[in-house]
Amino acid sequence: MKDQRLETRVDTQTIKIEARKAQVYYGTNHAIKDVDVDIMDKTVTAFIGPSGCGKSTFLRCLNRMNDTIPSCRVEGSITLEGESIYDPRVDPVQLRARIGMVFQKPNPFPKSIYDNVAYGPKIHGLTRNKAELDAIVESCLRKAALWNEVQDRLNAPGTGLSGGQQQRLCIARAIATSPEVLLMDEPCSALDPIATAQVEELIDELRSQFSVVIVTHSMQQAARVSQRTAFFHLGNLVEFGETGQIFTNPKDPRTESYISGRIG
Amino acid sequence: MSLGLLSIILLVLAVAGYVLGRRKAVSQVEGDIRKLHSLPPFYGRITALLTAVPAFFLIAAWLLAQPLFLENKAISLINPAELPAGKSAQLVMADVRRVAAGLNMLAARGEDVTPLLASPSALKTALNGAGVVLETEPTPSTLAATAALRDAGKTSRLAMTIAALVLAVAGLAFGLSRINPEYRARNATEQFAMWLLIGSSLVAVLTTVGIVASLLFESIHFFQLYPISDFLFSATWTPKFGGGSSLGILPLLWGTLYVSAIALVVAVPIGLMSAIYLAEYASKATRAWVKPAIEILAGIPTIVYGLFALVTVGPLLRDYFAQPLGLGNSSSSVMTAGLVMGIMVIPFVSSLSDDIINAVPQSLRDGSLGLGATPSETIKQVVVPAALPGIVGAVLLAASRAIGETMIVVMGAGAAAQLSLNPFEAMTTVTVKIVSQLTGDTEFASPETLVAFALGLTLFCLTLALNIVALVIVRKYREQYE
Ligand SMILES: Nc1ncnc2c1ncn2[C@@H]1O[C@H](COP(=O)(O)OP(=O)(O)OP(=O)(O)O)[C@@H](O)[C@H]1O
Ligand SMILES: [Mg+2]
């Protein structure tokens, strides 16, 4: 059933990232089991599931951030545009420039707000002069709905912002490198409804240029922003499909109970 | 009563205070400790503290202040007419103190000292036997002063013992009288602990103040004998022990700064880079043995480094650099001392920096790597800036070590005070000259000796300035990035 539907989608849209039988181990702890997921280009994919089910872990596999955890081991195949990202010839640094990430916990650098956003463009040499850099910083801060709050203190330290402001700063920082895929781990967990709406608007806007993967604990948010939804439970991918179908007509009883609030 | 016995009595009183305080608290609520504000041990503890701590403070203060008051009488007994040529009453007092201490020691061994007091020659032999060597037989006035000193000492000790015991008992009674179920013994113990902590930090601060004051005092003494402008601005250092010396600090200061600068140029890059390797790239297993291996460098005695400088590095530099380049043929040189000192202070930079870099949260590294930065970009732009205040501290520690180092300089750079830019020439530093001025055979009140204190004060100011500069840098940086 599921496979058939995927086949039909492939005809109309290209697959950006494809995971097949992905396994992740932390030492002996088998955290991700046999996960098959396709991330479509120019689509928002939502990962939902109870806490500790492996959403962040799987997200971190997609841009090889798990390399920084010594005990972590990834098996199976994960490809970006058909090329395995775990191939020894692939440069993880290059890969992460193409697949950007917003972390679950805001982690602004101990630098000024401006330098936080300018960090990526500077190391990748995306701008030719200060004016262009200024323009990128401003537009990214605007997109992340932070510009109005920080425009007259761009030189203040980013670590001095509130938790929610830091979260938006990290979003601005991630989109400033213009990645092809943006992985967002609970980007709205510390945001008020207004800022959340703005970030969701941004996600919708980003969809026209690249694909976005978002981890969220809010069913409403997943329903609002995503076109496809994956439900994880205890390290397994339980169900993956059209967001509308997952929320209105889930195939698996576990999905249904999670969505209606019975497990989690 | 000896101090040891007195302390034991006080401790016994404190234990009694604990037991009594606790028992009184419990009995007041008829065993239902829920009615007490604090748990019973707190009542015991505060009573014990009130018993012992003030008494011990009294003893400490008494012992510190005692010499100021005891010696007045003894000094007045010294007959100016009997002073040997060139000796002041203060010097004779030193003898008096030693004789008194010797006699106390003999008396403590149970010997009868009264006959000795009558005969100076017998006294001298007896004291020699006890390890107190006197140059001459004590004069009658010295003996009188000694007797006065010992008398005063005995009275004072007795008074102190009584005062301490009275205070302890009073503290015990006061502590017990305050106990009732509402008494907040837990909070009181907390307060007491805070005052103890404040007291301890005061001791450290006061010691520093005392050291600086004594340096300052002796330096002022020196500047009365030798013009301060000559000391600060003269470029020659030629102490003559007969008098008429020229004591300009500039060559010494220059030597100190030159040697320390070379040491830091060696130690900071090597230390910092090995710290970065250890913290960011090395595997756990590598780190587990490389780090202690580097730290061994800090444990080698400086005299061994000095030997290394003298026997290996000095001749090597002379034969392969100085002579071929025509820069001199001395095996002692600033370069030798600087290089060897640099190796010595590497662990100060690397070990501390490594700890600090390790303390930078992994999430910052992830953030940078996640944006597609390479590990070295991450280190340069995120990790090291975040760790900078600590790294500055580490460098500063290394700098203070280098500035204060003596042995390596004596053996590596020689003892010739001169102003020169040539790193292959022998030079010397402030610390070396402090040692050589104080170990000379001149009398203590001459400018040639007193200059050591002025040098010490200069050194103190130098490290203080260094600390302040670092503090300013760190604070400015913190403001920007925290
Ligand atoms: N660095 C790590 N080392 C060892 N085990 C880990 C590590 N990170 C996560 N795990 C384990 O992997 C499992 C999945 O964790 P993960 O962080 O992916 O959950 P999550 O779905 O993102 O949860 P949440 O919604 O709370 O963020 C958990 O059992 C967790 O204990
Ligand atoms: Mg998570």
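Numbers restart at 1 for each chain; the letters A, B, ... are given by sequence-line order, proteins then strands.
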*asked:* Quiz question: by atom type and distance under 3.5 Å, do the side chains of Asn63(A) and Arg96(A) form a donor-acceptor pair?
replied: no
Under 3.5 Å, is there a donor-acceptor pair between the Ser218(A) and Thr216(A) side chains?
no
Does any heavy atom of chain B fall under 4.5 Å from the side chain of [X], the backbone, both, or neither of them?
| X | answer |
| --- | --- |
| Arg64(A) | neither |
| Pro108(A) | backbone |
| Phe109(A) | both |
| Leu183(A) | neither |

Ranked by heavy-atom pairs below 4.5 Å to chain B, first place among Lys105(A), Met101(A), Met65(A) goes to Met65(A)
Comparing Thr68(A), Val102(A), Asp91(A), Asp67(A) against chain B, the one with the most heavy-atom pairs below 4.5 Å turns out to be Thr68(A)
Closest heavy-atom pair, Ile78(A) versus Ala19(A), reported as atoms and distance to 0.1 Å, is CG1-CB, 4.1 Å
Just wondering, do Phe308(B) and Ile300(B) contact through their side chains at under 4.5 Å, heavy atoms? no
Working note: Arg186(B) + Glu190(B), criterion salt bridge (charged side-chain N to carboxylate O under 4.0 Å, His left out); need CA distance, chi angles, decisive distance, verdict. CA-CA 6 Å; Arg186(B) 194 173 172 210; Glu190(B) 195 72 15; over 6 Å; no
If one checks every heavy atom of Gln381(B) against chain A at 4.5 Å, the contacting part turns out to be both
Whatever's closer than 4.5 Å to a heavy atom in chain A on Ser368(B) counts as both
Item to check | Any donor-acceptor N/O pair, Glu377(B) side chain to Ala373(B) backbone, under 3.5 Å | outcome: no
